[in-house]
Undergrad: 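The structure's right below; bear with me while I get my questions together.
Counting starts at 1 for both ligands and their atoms, following the listed order.
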Amino acid sequence: RGLTPSVIVIGAGMSGISAAKTLSDAGIKDILILEATDRIGGRIKKTNFSGVYVEMGANWVEGVNGKEVNPIWTMANEIGLKSYRSDFRNIASNVYKQSGGLYNESEAQKIVDSAEEFFQFSANVSASLLSNGAEDVSILTAERLRNKVPSTPIEKALEYFRYDSQQGEPPRLTSLRNTVPLPTFADFGDDIYFVADSRGYESVVHYIAKQFLTTNKAGEINDPRLLLNKAVTEIHYSGTGVTVKTQDGSVYKAEYVMVSASIGVLQTDLISFVPPLPDWKLLAIYQFDLSVYTKIFIKFPYKFWPTGNGTEFFVYAHERRGYYTNWQQLENEYPGANCLLVTVTDDESRRIEQQPDSKTKAEIMEVLRNMFGDDIPEATDILVPRWWSDKFFRGCFSNWPVGLSRHRFNQIKSPVDRVYFTGEHTSEKYFGYVHGAYLAGIDSANSLINCVKKKMCNSKDDRLVQ
Ligand code: FAD
């Protein structure tokens, strides 16, 4: 222990690893990373599904080919991560009716065009709210302003495809001012690339980790400063230091702690803070949303869906909004694997997490029979990730709900004494994304570094401004 302080980083997802690397690069090497699960990567996680590696969590590098370069894209290219540009242009020719058959393409295209026109309108409303210092509104409010509230199954399905699959929550809940347009696409470009690589998207996290943690001859991380299977249960803090306790009874002391657990975890009592976090902090944490987004992979003995150019994404327009709406065929990414990916969100996700996979599979088979007819084979395997039920996550990515002010948002990341916060949910521009987590880690580490080195510590100011 010398001139630099000791820091405990809680969580080894993208933001915790990025924060720890930033501290290490600044000469703060007396760090200890405590991770609850048996791996690094957090919400970036691959799994073997019937012979291919698929992503249970983050799948796309979002925001590519724009005026600035997404730092995740740079790293993905450095390690040669295999990814495929997603092309949504043909979606109007791939919208299925509830009871089968495709909608007329020109009818669907009109709805897609009108949604694009509405998007431009809502972006203008959003910009004017900001410049007038006016109150925020939801995306639904903007739809009402333009008389564009979806009512038919196809309108609802295409609206869901556009908004819920990005935010994980419906337009009724989502802040217009903070999501239209999304800085991710405005800054880094509109393209998104689907990662399908046997090393997994998580190899980006490993790539960062190996730049500051030691590895063995096989290239595996063996640094004693990274401890896995260490679920933090208590953080005692004061103006002079911190004591962190883990579920297995271990106790660790340090001068500072950086908490990177998801905002869903912070909304539960998994980690108790002693003394309790102040009210201004809790209020800010409780007001943000962690949405739930479930990527269900299903495998078949053979393909019965269209493949080839312009068929990758398709939509099922059921009267119940969000009922197995978003589909993707993965022939490009996993040739010959005969896999489909269907995504559900929010209440549907919570419902599906609580039922057996056999029930979900039966529902999906019925939907597929509606779309493609009765003469289709039974699925041979299904994968249903359960991020919401997992006490170390409690959801998937954060969404800015209408009603949360920027001031409150900033309080989510404000330090409390020697407790610092990071995570995708602390990135004002890129919350919800992998690059948001990465950049947030750098930001939060830099504020700790400023506090230590320049005595520029902002926690007091934030406490005064309630
Ligand atoms: P996390 O990855 O949650 O890391 C926090 C770590 O803290 C975890 O490893 C956790 O185990 C650990 N932890 C929690 N509690 C404790 C405790 N008590 N003690 C010790 N450790 C603890 N982003 C994109 O850019 N593109 C996408 O396509 C995309 N799709 C997504 C799809 C899904 C299904 C999900 C779940 C997420 C998706 N995201 C996507 C979002 C992206 O994955 C996250 O924004 C990002 O990975 C979050 O990183 P983080 O470090 O903030 O949090």
Side-chain angles (χ1 to χ4, degrees), residues 8-20 32-45 54-64 70-73 76 83 86 165-168 182 184 188 192-195 201-202 204-205 208 226-235 244-248 252 257-266 268-272 290-296 341 343-345 349 384-388 390-399 413 421-427 430-441 444:
I8 292 173
V9 176
I10 298 175
M14 178 53 100
S15 67
I17 291 296
S18 155
L32 180 65
I33 307 170
L34 300 176
E35 163 57 46
T37 69
D38 60 2
R39 55 180 286 280
I40 74 169
R43 280 172 270 169
I44 312 178
K45 184 178 188 183
V54 298
E55 301 294 335
M56 299 172 83
N59 216 139
W60 280 276
V61 182
E62 307 213 27
V64 181
N70 184 328
I72 303 300
W73 186 239
S83 67
S86 292
S165 53
Q166 203 51 242
Q167 271 110 29
L182 279 166
T184 284
F188 299 126
I192 70 175
Y193 282 72
F194 188 93
V195 175
Y201 198 163
E202 65 193 52
V204 176
V205 185
I208 301 168
L226 169 68
L227 299 183
L228 303 176
N229 300 306
K230 286 285 184 185
V232 171
T233 51
E234 276 178 46
I235 300 175
V244 171
K245 296 188 180 168
T246 53
Q247 209 164 20
D248 59 4
Y252 303 92
V257 63
M258 173 81 71
V259 183
S260 83
S262 80
I263 190 138
V265 168
L266 295 177
T268 69
D269 60 3
L270 182 72
I271 304 175
S272 10
L290 187 61
S291 56
V292 195
Y293 177 97
T294 311
K295 297 161 64 193
I296 305 171
L341 167 57
T343 305
V344 296
T345 56
S349 286
V384 183
R386 285 179 166 77
W387 292 102
W388 173 67
D390 189 326
K391 67 177 175 191
F392 298 127
F393 297 96
R394 295 289 176 203
C396 296
F397 43 82
S398 59
N399 182 38
K413 77 161 174 235
F421 293 85
T422 190
E424 54 86 3
H425 54 277
T426 67
S427 170
Y430 312 119
F431 58 87
Y433 294 102
V434 170
H435 51 279
Y438 171 73
L439 295 168
S444 300

Undergrad: Is there side-chain contact between Met14 and Glu424, with heavy atoms separated by less than 4.5 Å?
TA: no
Undergrad: Closest non-hydrogen protein atom to atom 5 (C) of ligand 1, residue and atom name please, with distance?
TA: Ser260 O, 3.5 Å
Undergrad: Which pair of heavy atoms, one from Lys230 and one from Asp248, lies closest together, and at what distance?
TA: NZ-OD2, 2.6 Å
Undergrad: Can you sort out which atoms of ligand 1 are near Thr37, meaning under 4.0 Å from one of its heavy atoms?
TA: 11 (O)
Undergrad: Nearest 0.5 angstrom please: Ile271 CD1 to Thr246 OG1, how far?
TA: 11.5 Å
Undergrad: Going by the atom numbers of ligand 1, which of them fall below 4.0 Å from some non-hydrogen atom of Ile271?
TA: 18 (N)
Undergrad: Note the single closest protein heavy atom to atom 37 (C) of ligand 1, along with its residue, its atom name and the distance in Å.
TA: Cys396 O, 3.6 Å
Undergrad: With under 30° as parallel and over 60° as perpendicular, where do the rings of Tyr193 and Trp73 fit, or are they tilted in between?
TA: tilted
Undergrad: Give the minimum heavy-atom separation between Arg43 and Phe393, together with the two atoms involved.
TA: CG-CD2, 3.5 Å
Undergrad: Tyr293 heavy atoms, cut-off 4.0 Å: which ligand 1 atoms fall inside?
TA: 32 (C), 34 (C)
Undergrad: Is the closest heavy-atom distance from Gly432 to ligand 1 below 4.0 Å?
TA: yes
Undergrad: Among all protein heavy atoms, pick the one closest to atom 50 (P) of ligand 1 and tell me residue, atom and distance.
TA: Ser15 OG, 3.5 Å
Undergrad: Checking the N or O distance criterion of under 3.5 Å, is ligand 1 in contact with Arg43?
TA: yes
Undergrad: Heavy-atom contact under 4.0 Å between Lys230 and ligand 1?
TA: yes
Undergrad: At their closest point, which heavy atom of Thr422 faces which heavy atom of Ser260, and how far apart are they?
TA: CG2-CB, 3.5 Å
Undergrad: Once rounded to the nearest 0.5 Å, what's the spacing between atom CD1 of Ile8 and atom CD1 of Ile33?
TA: 11.5 Å
Undergrad: So, is Ser262 polar-close to ligand 1, with some N/O to N/O distance under 3.5 Å?
TA: no
Undergrad: Is there side-chain contact between Glu62 and Phe188, with heavy atoms separated by less than 4.5 Å?
TA: no
Undergrad: Return the residue, atom name and 0.1 Å-rounded distance of the protein heavy atom closest to atom 49 (O) of ligand 1.
TA: Ala437 CB, 3.4 Å
Undergrad: Minimum heavy-atom separation for Ser349 to Thr294, with atom names?
TA: OG-OG1, 2.7 Å
Undergrad: Would you mind running through ligand 1 and noting each atom that sits below 4.0 Å from a heavy atom of Leu34?
TA: 20 (C), 21 (N)
Undergrad: Would you say that Phe421 contacts Ser15 through its side chain, given a criterion of any heavy-atom pair below 4.5 Å between the two side chains?
TA: no
Undergrad: Given side chains that start at C-beta, do those of Ser262 and Leu290 come closer than 4.5 Å, heavy atoms only?
TA: yes
Undergrad: Which atoms from ligand 1 have a heavy atom of Gly13 less than 4.0 Å away?
TA: 2 (O), 4 (O), 6 (C), 9 (O), 51 (O)
Undergrad: Could an N or O of ligand 1 be found under 3.5 Å from any N or O of Val232, whether backbone or side chain?
TA: yes
Undergrad: Got the closest protein heavy atom to atom 14 (C) of ligand 1, with its distance?
TA: Phe392 O, 3.4 Å
Undergrad: What are the atoms of ligand 1, with element, lying closer than 4.0 Å to any heavy atom of Phe393?
TA: 3 (O), 8 (C), 10 (C), 11 (O)
Undergrad: Quick check on contacts: which atoms of ligand 1 are under 4.0 angstrom from a heavy atom of Gly42?
TA: 2 (O), 8 (C), 9 (O)
Undergrad: Among all protein non-hydrogen atoms, which one is nearest to atom 28 (O) of ligand 1, and what is the separation to 0.1 Å?
TA: Trp60 N, 2.9 Å
Undergrad: For Met56, state whether at least one heavy atom is located under 4.0 Å from any atom of ligand 1.
TA: yes
Undergrad: For ligand 1, find out whether one of its N or O atoms is nearer than 3.5 Å to an N or O atom of His435.
TA: no
Undergrad: Is the shortest side-chain heavy-atom distance between Tyr433 and Asn70 below 4.5 Å?
TA: no
Undergrad: Among all protein non-hydrogen atoms, which one is nearest to atom 39 (N) of ligand 1, and what is the separation to 0.1 Å?
TA: Ala58 CB, 3.7 Å
Undergrad: If you measure every N/O of Lys295 against every N/O of ligand 1, is any gap under 3.5 Å?
TA: no
Undergrad: Which one holds for Tyr433 and ligand 1: side chain close, backbone close, both close, or neither close, with close meaning a heavy atom under 4.0 Å?
TA: both
Undergrad: Taking N or O atoms only and a 3.5 Å limit, does Glu424 qualify as a polar contact for ligand 1?
TA: yes
Undergrad: Could you check atom 23 (N) of ligand 1 against the protein and tell me its nearest heavy-atom contact, residue, atom and distance included?
TA: Val434 N, 3.4 Å
Undergrad: What atoms of ligand 1 come closer than 4.0 angstrom to any heavy atom of Ile10?
TA: 19 (N), 20 (C), 21 (N)
Undergrad: Are any non-hydrogen side-chain atoms of Ser444 and Thr426 less than 4.5 angstrom apart?
TA: yes
Undergrad: Which pair of non-hydrogen atoms, one from Ser83 and one from Val195, has the smallest distance, and what is that distance?
TA: CB-CA, 4.0 Å
Undergrad: May I ask you to check if ligand 1 and Ala36 share an N or O to N or O distance below 3.5 Å?
TA: yes
Undergrad: Which pair of non-hydrogen atoms, one from Val434 and one from Ala58, has the smallest distance, and what is that distance?
TA: CG2-CB, 3.6 Å
Undergrad: Do Ser291 and Gln167 have side-chain N/O donor and acceptor atoms under 3.5 Å apart?
TA: no
